[in-house]
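Below you'll find the structure, written out as structure tokens, and then a few comments.
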Number of protein chains: 2
Amino acid sequence: MTITVDDHTDLPGLRERKKQQTRQAIHEAAFRLIDEQGVDSTTVDQICQAAEVSSRTFFNYFPSKAAAALALPTATVSDETRARFLAARGGLVWALCDAVGSGTELSPDHARIATLVRRHPELLTTLSAMMLEARSQFVALAAERASSQEQAELAVTLVMAAVGRGIRDEDSGDSLVDRLRHTADQLAAVAGHEMTAARDRSS
Amino acid sequence: MTITVDDHTDLPGLRERKKQQTRQAIHEAAFRLIDEQGVDSTTVDQICQAAEVSSRTFFNYFPSKAAAALALPTATVSDETRARFLAARGGLVWALCDAVGSGTELSPDHARIATLVRRHPELLTTLSAMMLEARSQFVALAAERASSQEQAELAVTLVMAAVGRGIRDEDSGDSLVDRLRHTADQLAAVAGHEMTAARDRSS
DNA sequence: TGTAATATTGCATGGCCTGCAAAAGCGGCA
DNA sequence: TGCCGCTTTTGCAGGCCATGCAATATTACA
């Protein structure tokens with residue numbers, strides 16, 4: 001007789017738990033060391049020693065030390081995010097801020113990561129590379145609600161640009177989603193203002 | 001008796017000319033090989049062989065093969081660009097489009113480079129890293145005309161976001177500067193539209 | 001022509017990252 | 001408990017990228 005646990009909770013099993021544990025250990029070590037010493041002065045081997053894994057294992061989990069320090073989920077649009085986006089009321093950009101923001105926010109400790117990025121701007125290139133990676137997915141998502149492909153791309157471009165700012169001022173009590181919306185609003189203001197004036201001028 | 005050339009044209013001298021020539025040779029080789037084989041399949045040594053320089057010399061000119069293929073000028077705000085920006089009429093974003101666009105346009109063959117980037121998206125990360133590098137300079141520039149530091153940063157954020165788009169549709173006959181302005185305009189439209197609606201809703 | 005300045009090169013070094021195959025650990029089953 | 005299939009971890013080999021240093025070649029100029 002198999003002694004399986006009776007409840008229907010998908011308990012992950014020892015295997016999966018250990019994997020997450022290893023991943024977390026690597027991330028923790030990378031985070032701490034890079035925060036203390038900076039990116040360039042920290043070697044992968046150092047991180048491996050601290051996390052007690054082989055360097056080969058390290059690269060099974062992360063493609064680079066910077067990625068390990070950030071440990072952002074593969075910025076994939078989850079089904080849940082997608083459903084919420086499609087159901088959300090409000091405009092395209094408004095809803096997109098929610099999708100992007102909450103997706104990023106999923107990371108257990110995005111506040112810590114934002115601080116790390118602020119203290120070590122070298123990480124910005126890695127971060128923006130990751131966002132670039134995710135971009136096409138968000139465009140596809142946006143296209144499901146946009147009136148045109150172009151509008152979808154523009155909206156994503158705007159929100160992605162806002163992320164850079166939204167991550168910086170972590171201090172304000174607002175959630176990342178709200179900060180994204182606020183920044184998008186400001187961007188529209190700073191441009192729209194004079195742009196409409198310019199359009200008048202040129203016509 | 002010194003036999004100096006009499007005219008006041010700053011002719012560069014043999015030394016400088018050779019340097020530019022070497023730089024150009026490296027760029028040309030990197031461009032061609034990467035266009036043919038992709039970034040990852042092209043090694044620095046291949047580029048060096050094609051350009052007939054040692055690999056050590058390669059790194060005296062460019063920090064990476066991707067940078068060599070793009071060969072964008074160190075995206076520094078030239079005095080001329082700065083002067084034109086300060087003198088320009090029109091709004092902050094409007095003028096900034098000119099500064100960023102013409103600065104990028106200085107590259108002798110930005111059209112070729114835009115095509116290369118489109119054909120090899122891996123180069124996007126390098127490109128955006130370069131833009132990130134230049135960002136602070138443009139923020140400083142913008143601050144000289146902006147009413148606040150925040151406005152300066154927002155304006156630069158917007159224009160930089162537009163660059164990504166502006167580089168893509170090289171086809172339209174417009175200049176990069178005009179395309180930047182157009183995109184900034186669109187961005188403002190796509191956001192401003194619903195954002196003001198949202199603001200009304202939340203108040 | 002001779003000297004100073006600068007550019008190029010070779011060499012050594014260290015770090016990053018990947019593929020491959022062996023070893024170790026986990027999961028189920030009798 | 002003991003065995004078998006699967007997944008993860010590890011070691012190793014190897015290639016590439018990138019930088020510092022010192023020697024050499026080239027240019028500038030008097």
Side-chain angles (χ1 to χ4, degrees), chain A residues 1-6 10-27 29-30 33-34 37-71 122-123 125-126 129-130 133, chain B residues 1-6 10-27 29-30 33-34 37-71 122-123 125-126 129-130 133:
Chain A
M1 172 176 282
T2 60
I3 310 191
T4 40
V5 181
D6 214 10
D10 295 333
L11 84 153
L14 178 56
R15 199 163 225 154
E16 189 61 24
R17 262 183 294 140
K18 275 214 165 182
K19 252 178 85 171
Q20 292 312 321
Q21 191 174 321
T22 306
R23 183 185 183 82
Q24 184 65 19
I26 294 175
H27 163 60
L33 287 169
I34 285 186
Q37 314 174 355
V39 177
D40 291 343
S41 309
T42 304
T43 71
V44 172
D45 284 336
Q46 277 178 45
I47 299 172
C48 294
Q49 274 193 305
E52 295 181 297
V53 294
S54 79
S55 89
R56 193 60 187 78
T57 300
F58 175 93
F59 288 109
N60 284 341
Y61 283 90
F62 298 101
S64 71
K65 52 186 174 179
L70 299 179
E122 321 92 273
L123 291 172
T125 80
T126 305
M130 286 175 166
E133 191 99 358
Chain B
M1 173 175 282
T2 63
I3 309 191
T4 40
V5 180
D6 214 13
D10 295 333
L11 84 152
L14 177 57
R15 195 159 230 154
E16 190 61 24
R17 259 183 296 141
K18 276 213 163 181
K19 251 177 85 172
Q20 293 311 321
Q21 193 173 318
T22 307
R23 182 187 184 81
Q24 185 64 19
I26 294 174
H27 163 59
L33 287 169
I34 284 185
Q37 314 175 352
V39 178
D40 290 342
S41 309
T42 305
T43 71
V44 172
D45 284 335
Q46 277 179 46
I47 299 172
C48 293
Q49 274 193 307
E52 295 183 294
V53 294
S54 78
S55 91
R56 194 59 188 79
T57 299
F58 174 93
F59 287 110
N60 284 341
Y61 283 88
F62 298 101
S64 72
K65 51 186 174 179
L70 300 178
E122 320 92 273
L123 292 172
T125 80
T126 305
M130 286 174 165
E133 191 99 358

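Naming convention: chains lettered A, B, ... in sequence-line order (proteins, then strands); numbering from 1 in each chain.
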Could you check whether B/Gln24 and B/Gln20, counting side-chain N and O atoms only, form a donor-acceptor pair closer than 3.5 Å?
no
Name all residues meeting the side-chain hydrogen bond (donor to acceptor under 3.5 Å, both in side chains) criterion together with B/Arg56; count only those two or more places apart in sequence or in a different chain, and write none if there are none.
B/Asn60
Ignoring the backbone of B/Lys19, work out which of C/dG15, C/dA7, D/dA18 is nearest its side chain.
C/dA7
Reckon A/Tyr61 touches a base, only the sugar-phosphate, or nothing at all at heavy-atom distances under 4.0 Å?
sugar-phosphate
To the nearest Å, how far apart are A/Phe62 CZ and D/dT9 P?
12 Å
Where do B/Val44 and B/Phe59 land on the side chain to side chain contact (heavy atoms under 4.5 Å, CB included) test, with the steps shown first?
CA-CA 9 Å; B/Val44 172; B/Phe59 287 110; 4.1 Å; yes
Atom pair OG1/CD of A/Thr43 and A/Gln49 - distance to nearest 0.5 Å
8.0 Å
For the pair made of CG in A/Asp45 and C1' in C/dG14, what is the distance, rounded to whole Å?
10 Å
Spacing of B/Phe62 atom CZ and B/His27 atom NE2 [to the nearest 0.5 Å]
7.5 Å
Verify the contact: side-chain N or O of A/Thr22 to OP1 or OP2 of D/dT9, cut-off strictly under 4.0 Å; return yes or no.
yes
Ranking A/Glu16 and B/Val44 by the position along DNA chain D of their nearest nucleotide, the one closer to 5' is A/Glu16
Please report the distance, rounded to the nearest Å, between CG in B/Asn60 and C1' in C/dG10.
13 Å
Can you tell me the distance, in whole Å, between the CD atom of B/Gln21 and the P atom of C/dT6?
20 Å
Can you check the B/Phe59 CZ to D/dC17 P distance for me, whole Å?
7 Å
If I compare all heavy atoms of A/Ala67 with all of A/Pro63, which pair ends up nearest, and what's the gap?
CB-CD, 3.8 Å
Do you know the tightest heavy-atom contact between A/Ala29 and A/Ala50?
CB-CB, 3.8 Å
Tell me, which of residues 49-58 of chain A have any heavy atom that sits under 4.0 Å from an atom in DNA chain D?
A/Val53, A/Ser54, A/Arg56, A/Thr57
Could you list, one pair per line, each protein nitrogen or oxygen that sits under 3.5 Å from a nitrogen or oxygen of nucleotides 21-25 of chain C, together with the distance?
from	atom 1	to	atom 2	distance (Å)
C/dG25	N2	A/Arg15	NH2	2.2

In Å and rounded to the nearest 0.5 Å, what is the NZ to CD1 distance from A/Lys65 to A/Ile26?
15.0 Å
Check every strand shown and say whether B/Ser41 touches a base, only sugar-phosphate, or nothing at a heavy-atom separation below 4.0 Å.
nothing
Roughly how far, to the nearest 0.5 Å, is CD of B/Glu52 from OG1 of B/Thr57?
12.5 Å
Quickly work out the B/Ile47 CD1 to D/dC16 P distance and round it to whole Å.
12 Å
d(NZ, A/Lys65; C1', C/dT18) in whole Å
17 Å
